[in-house]
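In what follows, every chain begins at residue 1, and chains take the letters A, B, ... in the order their sequences are listed.
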Amino acid sequence: MGELKRSHTCNDLGADHIDQEVTLMGWVLRRRDHGGVIFIDLRDRWGISQIVFNPELNSQSHGKAHVLRSEWVIAVRGKVTRRPDGMVNTNLKTGEIEVMVNELRILNSSLTPPFPLDEDIEVSENLRLQYRYLDLRRPGMADNLIMRHKACQALRTFLNDENFLEIETPVLTRSTPEGARDYLVPSRVNAGKFYALPQSPQLFKQLLMVAGMDRYYQIVKCFRDEDLRADRQPEFTQVDMELSFIVEEDIYRIAEGVMTSLFAATKGLALQTPFPRMTYADAMERYGCDKPDTRFGFELISLTEVVRNCGFQVFRTVVEKGGQVKSINAKGCASFSRKDLDDLTAYVANFGAKGLAWVKVKEDGEWQSPIAKFFTADERTAMATTLDAQPGDLLFFVADNAVVVRSALAELRLELARRLKLIDKKTFNFLWVTDFPLLEYDPEQKRHTAVHHPFTAPVEEDMALLETEPGRVRSRAYDLVLNGTEIGGGSLRIHQKEVQDRVFAALSIAPEEAADKFAFLLKALELGAPPHGGIAFGLDRLMMIIAGRDTIRDVIAFPKTQKATCPLTDAPAGVARKQLTELHLRPDWQ
RNA sequence: GGGGUCGUAGUUCAGUUGGUUAGAACGCCUGCCUGUCACGCAGGAGGUCGCCGGUUCGAGUCCGGUCGGCCCCGCCA
């Protein structure tokens with residue numbers, strides 16, 4: 001670069017800078033070579049400036065400019081001038097001016113890029129990941145990373161003002177039972193022993209509370225060796241926090257403050273607080289899931305009692321066997337075609353529904369439906385009343401056990417909203433889901449497992465049920481849901497050893513196993529653990545929603561493919577035999 | 001572990017019922033062009049139709065397998 005020093009970025013210049021001598025550096029986005037005058041759109045992280053090579057002004061740099069191609073890296077020195085009348089580009093922030101180049105330095109050439117960097121051209125994701133450093137030059141992707149940075153800055157400022165300490169916890173730690181599959185790291189120094197990468201810093205942040213740190217947070221990588229999805233990566237980032245001497249309301253206030261500061265910084269939006277709340281039981285009843293998208297209606301309505309003794313054998317049998325019949329009234333959807341209905345039936349089959357009964361309510365109130373004939377007029381009236389069925393409505397029914405009914409209808413509800421384009425992308429509906437059950441029965445393991453995690457405090461008044469009806473014990477856990485995506489969750493923790501012992505017992509974790517795996521936690525609880533609790537947000541999911549993307553890969557600089565590989569580095573990869581023997585590993589493959 | 005979907009030029013895609021030499025746009029290369037901004041004009045190069053096998057006189061097209069991308073179920077306290 002010689003003595004050249006960048007004076008401005010490619011987004012800085014405007015009418016205020018006219019006649020100034022400036023130096024810009026960046027990448028060649030496009031060149032328009034007229035034989036005489038040559039225009040180059042110069043791009044950097046901040047924006048685009050048009051630079052002009054005019055043979056009459058400086059024939060030497062103009063001569064040099066002919067070789068410039070896409071993505072060459074250059075520095076130019078020249079004078080800012082107002083563009084001629086009628087030549088202003090209103091699509092560009094710097095469109096009022098251009099830089100007449102006196103001196104061109106070619107800092108680096110570039111091969112022809114393997115894919116165009118134009119924003120509007122879709123490129124296969126595999127290729128984008130293989131050349132991620134080119135993909136990230138595209139303004140949309142760069143903006144996502146910039147926005148992520150702003151979000152982190154905003155929440156750091158907010159939490160700092162709220163007296164939080166940012167403290168790091170170990171990445172090499174020990175595997176604990178329960179939860180997701182661990183990523184393991186063999187120990188060289190301790191033959192046959194392994195570290196595990198943390199699924200979350202859960203126990204360490206609790207120990208920081210015992211340590212008297214009072215308020216902790218961390219923007220931290222977590223690792224779970226499970227299959228990937230559009231919103232799940234094997235390594236992901238949590239905004240993790242924990243507080244002492246607090247109750248649920250304190251957490252809600254802090255979390256709402258974090259979200260408010262974050263949305264102000266990234267979207268310039270003022271969120272309404274406090275966020276609405278809904279109990280887990282209500283969410284399951286009305287939406288069939290614990291993370292309802294409240295941007296549209298189509299709530300689930302129970303017909304179990306209405307059809308208990310009805311003439312339709314399928315419904316009656318399901319109810320007799322202890323199952324449920326629930327319905328969605330798709331308002332105004334009676335115009336759905338037979339194919340629409342077949343598609344939706346096939347769709348809910350993915351979630352276990354053996355069928356999808358439907359009724360079209362015609363203009364005269366009559367039912368057009370394959371199942372209409374099985375119901376008496378009175379039964380039809382009772383159903384119509386319960387469902388508030390009006391002419392033009394389309395009623396869907398699923399009859400099965402509770403799990404199938406709610407998951408099928410919850411997914412049907414979302415699919416209907418997508419098909420009918422009911423979802424407003426500019427709406428951000430937050431929702432606290434509260435009063436989760438503490439435990440749920442796992443028929444495979446033939447024992448109860450923790451709905452949240454084993455350190456979640458039970459609701460005081462339900463404690464007596466721990467030994468008698470563990471499935472009915474409510475927990476002091478809460479999730480934060482945004483537009484139907486779980487973006488965070490947490491709980492008040494158990495801070496007394498006796499309570500922790502009782503919960504371990506309810507989880508069928510033997511005292512010896514608890515002592516082996518959690519001795520350090522149990523000991524800490526006996527050494528002055530304060531009441532405490534916390535919450536963790538999924539930063540990737542949050543940024544995905546804020547950026548309006550469909551996958552968290554678009555807000556992660558270097559994400560993995562669905563097979564958990566990295567096309568850029570070709571990780572994971574084999575290692576030398578010697579590395580394995582040092583780690584006391586003797587593989588039986590190869 | 002399972003279901004779905006895609007794979008053709010550097011990129012994004014088209015490719016009829018299985019039939020001659022596999023096309024388009026953009027990009028790339030050469031030349032021309034002094035006010036463009038997705039500059040324009042003329043010409044040119046560029047293909048193991050993911051891979052393997054099968055059916056057939058003949059396969060980008062049909063069949064089987066396999067590899068890879070994506071979406072989903074299971075899984076993810």
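Each of A:Arg181 and A:Thr112 has a nearest nucleotide on RNA chain B; the 5'-most of these lies closest to A:Thr112.
The pairing partner recorded for B:G53 is B:C63, the criterion being a Watson-Crick or G-U wobble arrangement whose two distances lie under 3.5 angstrom. Using the Watson-Crick or G-U wobble rule with both distances under 3.5 Å, B:A38 pairs with nothing in any strand shown. In this entry B:U5 has B:G69 as its Watson-Crick or G-U wobble partner, both defining distances falling under 3.5 Å. Within the shown strands, B:G44 is the pairing partner of B:C28 under the Watson-Crick or G-U definition, both distances less than 3.5 Å. Searching all strands for a Watson-Crick or G-U wobble partner of B:U16 with both distances below 3.5 Å returns nothing.
Residue A:Ala180 places its side chain closer to B:C76 than to any other of B:C28, B:C76, B:C73. The side chain of A:Asp227 has B:G74 as its nearest neighbour among B:G74, B:C71, B:C75.
Annotation: B:G23 and B:U30 have their P atoms spaced 25 Å apart (nearest Å). B:G15 and B:C62 have their P atoms separated by 12 Å, with the value rounded to a whole Å. Atom name P, nucleotides B:C67 and B:C28: the rounded distance is 37 Å, in whole Å. B:G58 sits 15 Å from B:U21 when the P atoms are compared, rounded to a whole Å. Straight-line distance between the C1' atoms of B:U12 and B:G74: roughly 35 Å, to the nearest whole Å. Of the P atoms belonging to B:A9 and B:U66, the separation is 25 Å, rounded to the nearest Å. Separating the P atom of B:G7 from that of B:A14 is a span of 7 Å, rounded to the nearest Å. As rounded to the nearest Å, B:G65 and B:C70 have P atoms that lie 23 Å from one another.
Here the straight-line distance linking atom CD of A:Gln130 with atom OG1 of A:Thr561 works out to 12.0 Å at 0.5 Å rounding. Between atom CZ of residue A:Arg419 and atom CG of residue A:Leu344 there is a gap of 4.5 Å, rounded to the nearest 0.5 Å.
Nucleotide B:G1 holds its P atom 10 Å from the NZ atom of A:Lys563, rounded to whole Å. Atom pair A:Asn350:CG and B:U5:P shows a separation of 12 Å (rounding to whole Å applied). For A:Asp182 and B:C76, the CG to P distance is 12 Å, given to the nearest whole Å. The interatomic distance linking A:Glu415 (CD) with B:C73 (P) rounds to 13 Å, in whole Å. Taking atom CD of A:Glu226 as the reference point, atom P of B:G2 lies 17 Å away to the nearest angstrom. Taking atom CG of A:Asp225 as the reference point, atom P of B:C75 lies 16 Å away to the nearest angstrom. Regarding A:Glu178, its CD atom lies at a distance of 14 Å from the C1' atom of B:C76, rounded to whole Å. In this structure, A:Arg229 places its CZ atom 11 Å from P of B:C76, rounding to the nearest Å.
Contacts of A:Arg128 with the nucleic acid, taken as non-hydrogen atoms under 4.0 Å apart, are absent. Residue-level contact check: A:Thr456 touches neither bases nor backbone, having no heavy atom under 4.0 Å from any strand. Contact annotation for A:Thr565: backbone-only contact, meaning every heavy-atom pair under 4.0 Å involves sugar-phosphate atoms and none involves a base. Base contact: A:Gln562 has a heavy atom under 4.0 Å from a base atom.
A pairwise comparison of heavy atoms in A:Cys10 and A:Gly47 identifies CB-O, 3.4 Å as the closest pair.
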Self-check item: Under 4.0 Å protein heavy-atom contact, by nucleotide of nucleotides 30-43 of chain B - B base, S sugar-phosphate only
Solution: S--BBBBBSB----
Quiz item: For every nucleotide of nucleotides 6-11 of chain B, 5' to 3': is a protein heavy atom under 4.0 Å from its base (B), only from its sugar-phosphate (S), or from neither (-)?
Solution: ----SS
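Using a 4.0 Å cut-off between charged side-chain N and carboxylate O, A:Arg82 and A:Glu96 make a salt bridge. Using a cutoff of 4.0 Å between basic side-chain nitrogens and carboxylate oxygens, A:Asp227 and A:Arg232 are not scored as salt-bridged. A salt bridge between A:Arg132 and A:Glu125 is absent, with no side-chain N of the basic residue lying under 4.0 Å from a carboxylate O of the acidic one. A salt bridge links A:Asp554 and A:Arg128; the closest N-O separation between the charged side-chain nitrogens and carboxylate oxygens is under 4.0 Å.
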Exercise. Using the salt bridge (Lys or Arg N to Asp or Glu O under 4.0 Å) rule, take A:Lys291 and A:Asp479 through it: C-alpha gap first, then chi angles, then the decisive distance, then the call.
Key: CA-CA 8 Å; A:Lys291 47 182 171 70; A:Asp479 276 357; over 6 Å; no
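A donor-acceptor contact closer than 3.5 angstrom is absent between the side chains of A:Gln238 and A:Ser200. No donor-acceptor contact under 3.5 angstrom links the side chains of A:Asp442 and A:Thr449, judged on distance only.
For the pair A:Arg413 and A:Phe296, the cation-pi test (distance below 6.0 Å, angle within 45°) is passed.
Taking the ring centroids of A:His66 and A:Phe53, they lie at or beyond the 6.0 Å cut-off.
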